[in-house]
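Beneath this line is the structure, given in structure tokens, with notes to follow.
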Amino acid sequence: SSFGSFGTLNGFAENPKITINCGGFRFETYKSTLNLLSESRLANMNPTNCDYDPVKNEYFFDRDPISFLAILNYYRTGKLHAPSSVCGNQFYEELNYWGIGERSIQPCCWTAYSTKRDCDEILKKVIDGFEDGEG
């Protein structure tokens, strides 16, 4: 079977560059880059995935493109930096979706990221307390 410029079903060997459309933003990278994290969602993509659009020759994910850029850069550089413009809990959810552990976040970003996550947890407990009449 042929899958556009991907060549055969087995292989990205003929054209290892792939396009990922994340939330309407297109990103290009190499399959070999994505294979660096073998257990992740991106490493396990192939043209038979339901996310693949053979007409556009791209994968589509209805996810946050800002978080995705940070995640894709993690594949490229081996260093995961949390975007400062993204809520800690939202970034945590994106990491889970893509199959990446939050422990990979670099020390330079960890304090800001974990503070956002901790604040959200504290706020949730406070709100739950008020709703339970403990206020």
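As a basis for the values below, the full set of heavy atoms in this structure was taken, side chains included, without hydrogen atoms, waters or symmetry mates. Residues take their numbers from the sequence shown, with the count starting at 1.
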For the residue pair [X] and [Y], establish whether any side-chain heavy-atom pair is separated by less than 4.5 Å.
X	Y	result
Tyr59	Cys22	no
Tyr74	Ile100	yes
Phe91	Ile105	yes
Tyr113	Val86	no
Asp64	Gln90	yes
Thr29	Leu42	no
Thr19	Asn57	no

To the closest 0.5 Å, what do you measure between [atom1] ([X]) and [atom2] ([Y])?
X	Y	atom1	atom2	value
Arg63	Ile20	CZ	CD1	13.5 Å
Asn21	Phe27	CG	CZ	8.5 Å
Arg41	Asn96	CZ	CG	10.5 Å
Asn49	Asp51	CG	CG	5.5 Å
Arg76	Leu36	CZ	CG	11.5 Å
Ile18	Glu28	CD1	CD	10.0 Å

Does the Ser38 side chain pair with the main chain of Asn35, one donor and one acceptor, at a distance under 3.5 Å? no

Main chain of Ala43, side chain of Lys31: is a donor-acceptor contact present, judged purely on distance under 3.5 Å? yes

Step by step, work out the side-chain contact (heavy atoms from CB on, under 4.5 Å) result for Tyr75 and Ser40. CA-CA 10 Å; Tyr75 284 85; Ser40 68; 2.5 Å; yes

Heavy-atom pair of closest approach, residues Tyr92 and Glu102: CD1-OE1, 3.4 Å

Shortest non-hydrogen contact from Pro83 to Ser67? CG-CA, 4.3 Å

Determine whether [X] and [Y] fall in the same hydrophobic cluster, where Ile, Leu, Val, Met, Phe, Trp and Tyr are linked whenever their side-chain heavy atoms lie under 4.5 Å apart.
X	Y	answer
Leu34	Leu69	yes
Phe61	Phe68	yes
Ile66	Trp98	yes
Ile71	Phe60	no

